[in-house]
Amino acid sequence: MPFIPHTAEDTAAMLARIGVADIERLFDEIPSGLRVNEFDCIGKGLTEAEISRLMHERASADKQPLCFLGAGAYDHYVPAAVWDIATRGEFYSAYTPYQAEASQGTLQVIYEFQSMVTSLTGLDVANASLYDGASAFAEACLMAVRANRKSESRRILVPRTMHPTYRAVAQTILAGQSLELVELPMRDGRTALSALQALATEEFAAVAVQQPNFFGALEPVDELTDWAHGHGGMLIAVANPIALAVLKPPGKWGADGADIACGEGQPLGIPLSAGGPYFGYMASKESIIRQMPGRIVGRTVDLDGNPGFTLTLQAREQHIRRSRATSNICTNQGLMVTAATIYMSLLGADGLRQAALACHANTRALVEGLTELPGITRAFDAPYFHEAVLRLDRPAPELLGALAAQGILGGYDLSADYPELEPALLVCATEARSGGDIQRYLQAAADLLFESGRATG
Amino acid sequence: MPFIPHTAEDTAAMLARIGVADIERLFDEIPSGLRVNEFDCIGKGLTEAEISRLMHERASADKQPLCFLGAGAYDHYVPAAVWDIATRGEFYSAYTPYQAEASQGTLQVIYEFQSMVTSLTGLDVANASLYDGASAFAEACLMAVRANRKSESRRILVPRTMHPTYRAVAQTILAGQSLELVELPMRDGRTALSALQALATEEFAAVAVQQPNFFGALEPVDELTDWAHGHGGMLIAVANPIALAVLKPPGKWGADGADIACGEGQPLGIPLSAGGPYFGYMASKESIIRQMPGRIVGRTVDLDGNPGFTLTLQAREQHIRRSRATSNICTNQGLMVTAATIYMSLLGADGLRQAALACHANTRALVEGLTELPGITRAFDAPYFHEAVLRLDRPAPELLGALAAQGILGGYDLSADYPELEPALLVCATEARSGGDIQRYLQAAADLLFESGRATG
Amino acid sequence: MTMTEPIIFEYRGSRRQPFTPLSEVPANLPEDALRQDQLLMPQVSELQVVRHYTRLSQLNYSIDTNFYPLGSCTMKYNPRICNRLAMLPGFLARHPLAPEEQGQGFMQCLFELQQMLQQVTGMAEVSLTPMAGAQGELAGVAMIRAYHLSRGDGDRRQIIVPDAAHGTNPATATMCGCEVVEVATRPDGDLDLDALRTILGPKTAGIMLTNPSTLGVFERQIEAIAAAVHDVGGLLYYDGANLNAILGKILPVDMGFDVVHVNLHKTFSTPHGGGGPGSGAVGVGERLRPYLPVPIVERRDGAYVWADESDRPQTIGRLSTYMGNAGVLLRAYVYLRMLGDEGMQRVADFATLNANYLMTCLAEADFELAFPERRASHEFIVTLKKVTRDTGVKAMDFAKALLDRGMHAPTTYFPLMVPECLLIEPTETESKQVLDAFVASLVELRELAYSDPQQLTTAPHSTPVRRLDDVRAAKHPDLAWRGAPKPTSK
Amino acid sequence: MTMTEPIIFEYRGSRRQPFTPLSEVPANLPEDALRQDQLLMPQVSELQVVRHYTRLSQLNYSIDTNFYPLGSCTMKYNPRICNRLAMLPGFLARHPLAPEEQGQGFMQCLFELQQMLQQVTGMAEVSLTPMAGAQGELAGVAMIRAYHLSRGDGDRRQIIVPDAAHGTNPATATMCGCEVVEVATRPDGDLDLDALRTILGPKTAGIMLTNPSTLGVFERQIEAIAAAVHDVGGLLYYDGANLNAILGKILPVDMGFDVVHVNLHKTFSTPHGGGGPGSGAVGVGERLRPYLPVPIVERRDGAYVWADESDRPQTIGRLSTYMGNAGVLLRAYVYLRMLGDEGMQRVADFATLNANYLMTCLAEADFELAFPERRASHEFIVTLKKVTRDTGVKAMDFAKALLDRGMHAPTTYFPLMVPECLLIEPTETESKQVLDAFVASLVELRELAYSDPQQLTTAPHSTPVRRLDDVRAAKHPDLAWRGAPKPTSK
Ligand SMILES: Cc1ncc(COP(=O)(O)O)c(C=O)c1O
Ligand SMILES: Cc1ncc(COP(=O)(O)O)c(C=O)c1O
């Protein structure tokens, strides 16, 4: 019996002790009319060998193209030690650390993680993770509305340059509590500072900004932060953590720094894995920590005065505060945080910085190579980090299809999300791409463009 | 610097403490004329990402055909838990358990392993492993010569049905100590009992027998054991441990049982992995344990009277007895033994028995299917376990090549080792082969045979 | 065996190995966008990292090392093969925005999982996108709201929850802009149906229930409750956290539920990972189907494709950046395929057997049950109120003392209305031997409570740290390492 | 945290899950060939297995958890990536008898490894087949014998080893049918060259040396020794166990060696695995080349193929069933490629730096060095004979007491002729912090030896078991579980 250890004798002895004839009797409080008669859902169970074979077939049916696609999820190299350790049974199969004394491993990892996140963001405090980047952004909006003592407004100004799905997810999650997302327009791939003044007439709770933004471009974060603060709003930073190894941390933006920073943790050692599990990180100024959603670990002392770690500030959470909790989040993304903590430890400040700079250099090499080809130009002039938008002389799927035929995942087609840019392509080359990889992309693109150039010209 | 933790300050402080100007000075006892001037051996070191990519390319260049090849190494299904646990750092990166108090994990595993081996072999005692099946056989020959008090002979009678490489390796290892291996002839794929009498005229130290033998056939082990004992010789059993789940254990062979059993441990949860690392197991009667090579773990008590485990009977070993040790073996195959112990625990008696019977059934299905094809017959009538010899109407490479073209590893060509059987093929279908796999083999073989039948007929 | 471990930042004087392929390059980025300060990160070698986190891992209790009867959490064995197969390179390397045709193997697994979860709940359709139970709840309540709104019934904002409900239920209702109304439980563990009837009305959006409930008993009046709620126009939400107890035995749809979420990390044994990731797939009946969150896998012309907002215009929308916790879904898929239909029912059988056996043994050992006349579902509640009254030793002390015996504690002080309670869920993967040892430990601890209470009130004694000062933690939050170890008050 | 664990057989009353695809089938095998008795194996669930062995693992010290300065063993960090890459499915699934053309990726790695080891030793050719150092020695001495025999010089049967030699050296000589002649070491740690000269003669087959020697010093007269041995017609065998100390600094060929084995599990960081697997690749100069054990990878017409007995008629033959410990070789290959030339030399640099630093610190703390006037190689010897004389506390007691401080003990009582010795090898992957802590511990323990010797003589105190009774273990061997737990004498 899969995963059930009972012998027939065990079962018999247990039933006898309970005083029932068979297991079926234990379900006798269920109205019999409701009981399932025939349960036909998946068929016969497979052995481990059989499912193993099936999944190997499925996984190897899936292509593993050379990835030049980012758009919020990035193909970084993950050192072997990260997941070797994160999947150790003691991390993998533990519950949320409710019994602190039996969970010091997980708790200390989270404390270290929080430390690293505050360091990356330049903010005071961080939590133990949220689900992912998009939902973390939604939680940040809610937090800002709760935390902003200067304004009763439920409006959040959100740039059009922010990841489209982040905005969509925030919409879904915030609809219930009637938050309103107001779009900040863009110019040259960045938030249009010139458009701000028109929006200041109505009150707002916060301004959000993504750095680098969805297009990979660097936003005028100092100006946006100061402007938000100047108008009684908070500033929510959404930032790529790898980029923060070289970019100014949100806590240092403008005169007073962002109030809340959040974002997608995937770049920190989490494989692409088809979309998840990833994790969202969140940090903030200390003054508003009691509005923070999610779990937080603190260092304290034990009965003997020795240092130890425990979940803390739980009065914010659903299991204590229930309907008045800061969020309904309970299970978060602990294992991913463990992996990310190991990843950051392995890389250290230098390694993170090198990874970031290598991403930047590779993307530049790719963009410079591509824009030398006929029919490809940069869509924006703004400085970019490790992604950039290219304007094409033809629909993006044409180029992407030709690349796919050569095993290359060529980028993200922006036409659906940004019809005004069409045809345009968002490309990314992380540190995991070699010079040869980039050449392969350039060659494949050149072949297509010259070929069709010949055909049409 | 790969894997070296020193900061520049550390290095400087350490050199200052030692009182030398640089590390180079620490090598000043090496005659300077001998020092390497330019060291050009492998070139520049690769990063983890680079070597990872290289090895992925190499590994995926290697084909993974459907395996119907045995001949001493078997493609069994290995449950995921086996290597997940065996590669835990605490097992993986520990040394031989010389400090017992800090190595109870490894020591208890070995004790459990020894227990399982005695159970499989029906013998009293077992050691902690030898290198592999072939070298274990060589050690068994040496042990028999040492242990046989009745005879001074250095001759060992070894059947022609024993794995050819086992015989070759024994030859290499035993040559130095002038042991002589005398071949026992075969009939119908088994050791010819009728030929024994002729050999009894000269003294011998032991008779060896492999069960099942190299051809997968079952040997007359009871008769051989009794005959050996009747002539003052010991009996060395070489046995497949998976087969021992259903076959009579060596300790029960004949009237008194085999004296020594050994063999290849690979079938017990060790991947094929191109030939190693595997491990050799060895068990014997208790009376001759002081002639056993290799490490042995015993259960004892600690200062408080609590049970614990330790290496024992070390006076047999090279680090104590030096030139008079039972063997020179030191490092053995500990990690493989850990995996095998977990494997046997996961399967239990039922699982091992089921695996064995499934191998047998699959091989029967394959053999029966193949012998229905024109030009393929069984070479021998003897009952077989999970391998069998097929006689072909054409050179084996012809069939093997056709199968290889379809991604099938069709068996072992016996022509080099047993020219007298040519053309003949040794096939094996373990429990990891499905009915569909066997059909694929049969179909591919049929296509070839009928096709060439048409061509020639 | 190492019981404490410095903070990783405290390993000073060491340097990481460089590992990215490119060496430092000029930044070519605007100066004012760059970090000016030094990023504070550990500076350690790979060995130091491996050693540090390996040691830390050893400080945890986990399913792989300890019995873990944490009620409501379904801490069962997480098969290693599920992890192995979910981490196959083909799955790990897939970019979430890569074209569907490049990931048909992955998509097929998800499609089949959707179907399995449909059948196991009896629902019409399932979306896998919610990333934990609480997000499944949010999706569910949002769909209930969307349904009422679509019918011009937007005033229905009341969500009814039992007083025993898990905290995520009321918190979710609030997040969806609803008002929470609590309904009481009767002493026999069933809902107070009369009280419920007085609450129900035109403002009723719906009710959130788990069944078996968080009290460890099966709500016997479920049909009457469903009828009452439906009668006033409300909908029923099924919190699937306790599905393990009834897997394949009774379907939520047959109890009258309109929407359900399933905690894959509980019932389908994906790992809890020290606090996630989870997955809270939602299933709905026909009425709520248009509102399901996207994306959803559909099969069109023999290919698996994502259905999104354009295919599902009435959807409540998206809940995650891509498609949810894919890796968790793959683990659940592998687990389900290994169980098969029979295996699923067996899970419920033996989870229930273990709980009832443990409950019987404890009752016979004179422990006080919260609902002595009831069957246990896959969990049950012991109340220590008499022991506490007699000795001052509290449920928390028992919990801590169990840690000394190598067992994780049951859930304590939840549900809130049972005083000094232990909510005990052994799960089906534990053997009789383990359960017997647990009973023996509790008996021994109760004896100690009377003979030497201090042993319990100062427990644990053998864990890496002794009992921690939670009050200090909250009063003087120390939430991040700030560059130098702080002196501790000995 | 769990300090003891029952024997797996003692988990009774549990049943494994069936897992093989086929159900029981009729045996169709002759009755008298079948097992009649019940096979005694653990009958446990997968969770019980995982929990049991996970707990057991936690009882081990290992590189991944503890400093492990075990002299002569080179316990350095085993990079996780080496394991990961060696276990890629393409490598694991390969059958050793599969045609070479199906495994060119694997074969190329081996071919390149042969070349690297050639260069690192300066030898003419390398065979990778020996499965550990001792088997490499056997191959080497067998080749020396084959060489003499081929020249009609079969009376050369004497193998000379220093008194400090590792036990495998003399044991190997015996296995090869040779006679062992010991030669003494001088007080300064170098070999007694005069004594050697008196031994050398027409019976000399060869000499086995490690350099740096097992005494932790570099043999300075190596050129003179080589000349003397060669002069009488003997050959020089290099035991490569200490190669880590001189990697890329000096080649065995330049010291005059004719044959060498390399312990890949030491110098090239493949894991020791709690006692193997290892790999003892052998390299030889031109004279011994024909005798190398097979198989060897050769490159022919752009393809990698196995050379076997038919290609190498003078080979000493085969040493393993297939080709040796392939997986270990792949790990070493990955490690070497990551090091590169510079990295290799850096290994020697920092292994030597760490050893000399530790030696200096201990000398300054008044520990007595066995060879105070010498440089340390990558290891060195402390003798505690004065402490033992003063206090009765022995090297073994220090070793056990170190375990209580979370550090593995150095090698004790080897080499045999240094009384109460600790052979200490820190390796290059340990940080200054760790070395300083080790010094502090030894200093503290010596103080205790004088103030409270019993603390040491009864150590360890905090390990899973206290000091074990080895005498009892050998006198009353309990080597296998026999069906029921035996009572222990409390
Ligand atoms: C009854 C109940 N409902 C809901 C949840 C919330 O699920 P999650 O933690 O996955 O968000 C839990 C989890 O503990 C639970 O026990
Ligand atoms: C000096 C020396 N020579 C030889 C050996 C034997 O090597 P192996 O254990 O790999 O057989 C060792 C191992 O400890 C050693 O230290």
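Letters A, B, ... are given to chains in the order of the sequence lines, protein chains preceding strands, and every chain is numbered from 1. The model shown is predicted, which means the values in this text are computed figures rather than measured ones.
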Passing candidate, side chain to side chain contact (heavy atoms under 4.5 Å, CB included) with B:F3, options D:E428, D:K76, D:M338, D:R346:
D:M338
D:D64 with B:R88: basic N within carboxylate O range, under 4.0 Å:
no
If I take atom CZ from residue D:R94 and atom CG from residue B:D75, how far apart are they, to the nearest 0.5 angstrom?
13.5 Å
Under 4.5 Å from a heavy atom of chain D, the part of B:T118 involved
side chain
Is chain B contacted by the side chain of D:D37, its backbone, both, or neither, given a heavy-atom distance below 4.5 Å?
side chain
Applying side chain to side chain contact (heavy atoms under 4.5 Å, CB included) to D:L88 and B:R58, what does each step give before you reach the verdict?
CA-CA 10 Å; D:L88 288 173; B:R58 297 242 171 117; over 6 Å; no
For B:L218 and D:P30 the tightest heavy-atom approach is CD1-CD, 3.9 Å
Bottom line for B:L69: the part with an atom under 4.5 Å from chain D's heavy atoms is both
Between B:C330 and D:T168, the two heavy atoms sitting closest are CB-CG2, 3.6 Å
Mind ranking B:E317, B:M116, B:Q114 by heavy-atom pairs under 4.5 Å with chain D and telling me who comes out on top?
B:M116
Charged N to carboxylate O below 4.0 Å: is that the case for B:D28 and D:R375?
yes
With a 4.5 angstrom heavy-atom cut-off, could you sort out which part of D:H95 is near chain B: side chain, backbone, both or neither?
both
D:K432 side chain reached by B:P5 side chain, heavy atoms, under 4.5 Å:
no
Under 4.5 Å, counting heavy-atom pairs only, tell me which of D:H408, D:M323, D:Q108, D:M116 racks up the most with chain B.
D:Q108
In terms of heavy-atom proximity below 4.5 Å to chain D, should B:A245 be classed as side chain, backbone, both, or neither?
both
Chain B contact via D:H166 - side chain, backbone, both or neither, heavy atoms under 4.5 Å
both
Which one wins on heavy-atom pair count under 4.5 Å against chain D: B:V169, B:T96, B:T165?
B:V169
With only heavy atoms counted, which part of D:P293 is less than 4.5 Å from chain B, the side chain, the backbone, both or neither?
neither
Tell me, for D:C73 versus chain B, whether the close heavy atoms (under 4.5 Å) come from the side chain, the backbone, both or neither.
both
Under 4.5 Å from any heavy atom of chain D, what part of B:Y166 do you find: side chain, backbone, both or neither?
side chain
Check each atom of D:A142 against the heavy atoms of chain B and say whether the ones under 4.5 Å are side chain, backbone, both or neither.
neither
Nearest heavy-atom approach of D:N325 to B:Y278 is OD1-N, 4.1 Å
Salt-bridge present (D:R466, B:E101; N to O < 4.0 Å)
no
Measuring heavy-atom distances to chain D, does B:Y92 have an atom under 4.5 Å in its side chain, in its backbone, in both, or in neither?
both
Could you measure the distance from the OG1 atom of D:T429 to the CD1 atom of B:I4? Nearest 0.5 Å is fine.
8.5 Å
Relative to each other, are the rings of B:Y95 and D:H272 parallel, tilted or perpendicular (30° and 60° limits)?
tilted
Please classify the contact of D:T411 with chain B as side chain, backbone, both or neither, using a heavy-atom distance under 4.5 Å.
neither
Interchain contact, B:I23 with chain D, by part (heavy-atom threshold 4.5 Å)
side chain
Given a strict heavy-atom distance threshold of 4.5 Å, which part of B:K252 is in contact with chain D: side chain, backbone, both, or neither?
side chain
Find out whether B:I173 and D:L319 are in side-chain contact, i.e. whether some heavy atom of one side chain is under 4.5 Å from a heavy atom of the other.
yes
Portion of B:L26 that has a non-hydrogen atom of chain D nearer than 4.5 angstrom
both
Heavy-atom closest pair (D:F9 atom, B:S115 atom, distance to 0.1 Å) is CE1-CB, 3.7 Å
Among D:L97, D:L138, D:N78, D:V141, which residue forms the greatest number of heavy-atom pairs with chain B at distances under 4.5 Å?
D:L97
I'd like to verify something: which residue of B:G43, B:S93, B:A73, B:G275 has the highest number of heavy-atom pairs under 4.5 Å with chain D?
B:S93
Supply the atom-to-atom distance D:T174 OG1 to B:Q318 CD, rounded to the nearest 0.5 angstrom.
11.5 Å
Sort B:T312 into side chain, backbone, both or neither according to what part of it lies under 4.5 angstrom from a heavy atom of chain D.
side chain
Go through B:A325, B:A61, B:S103 and name the one with the most non-hydrogen pairs under 4.5 angstrom from chain D.
B:S103
Counting only heavy atoms closer than 4.5 Å, note whether D:M131 contacts chain B via side chain, backbone, both or neither.
both
Sort out for me which of B:L15, B:V109, B:D40 touches chain D most, counting heavy-atom pairs under 4.5 Å.
B:D40
So which part of D:L353 gets closer than 4.5 Å to some heavy atom of chain B, the side chain, the backbone, both or neither?
both
Got a second to check how far D:F350's CZ is from B:H6's NE2, nearest 0.5 Å?
6.0 Å
Contacting region of D:T360 [heavy-atom separation from chain B under 4.5 Å]
side chain
CG on D:N356 to CZ on B:R17, rounded to 0.5 Å:
13.0 Å
Atom group of D:L70 that falls short of 4.5 Å from chain B, counting heavy atoms:
side chain
Do D:Y53 and B:Q108 have a side chain donor and acceptor closer than 3.5 Å?
no
Against chain B, label D:L403 side chain, backbone, both or neither, depending on which of its atoms sit under 4.5 Å from a heavy atom there.
side chain
Under 4.5 Å to a heavy atom of chain B? For D:E430 that would be backbone
Side chain, backbone, both or neither: which part of B:T341 has an atom under 4.5 Å from a heavy atom of chain D?
both
Which atoms of B:C67 come close to chain D, meaning under 4.5 Å heavy atom to heavy atom: side chain ones, backbone ones, both, or neither?
side chain
NZ/NE/NH1/NH2 to OD/OE distance under 4.0 Å, D:D478 and B:R299
yes
In terms of heavy-atom contacts, B:T300 and D:D469 come closest through OG1-O, 2.8 Å
Nearest heavy atoms of D:Q119 and B:F39, plus distance in Å:
O-CE1, 4.4 Å
Spacing of B:Y111 atom OH and D:I8 atom CD1 [to the nearest 0.5 Å]:
14.0 Å
I'd like to verify something: which residue of B:D222, B:D124, B:N332, B:I85 has the highest number of heavy-atom pairs under 4.5 Å with chain D?
B:N332
Is B:E264 close to chain D through its backbone or its side chain, or both, or neither, when contacts mean heavy atoms under 4.5 Å?
side chain
Less than 4.5 Å apart, any side-chain heavy atom of B:L352 and any of D:M41?
yes
Which portion of B:L409 sits near chain D, non-hydrogen atoms under 4.5 angstrom
side chain
I'd like to check D:I222 versus B:L34 (side-chain heavy atoms, cut-off strictly below 4.5 Å). Are they in contact?
yes
For D:R84, is it the side chain, the backbone, both or neither that has a heavy atom under 4.5 Å from a heavy atom of chain B?
neither
Per-residue contact mode, B:S434 against chain D (heavy atom under 4.5 angstrom)
neither
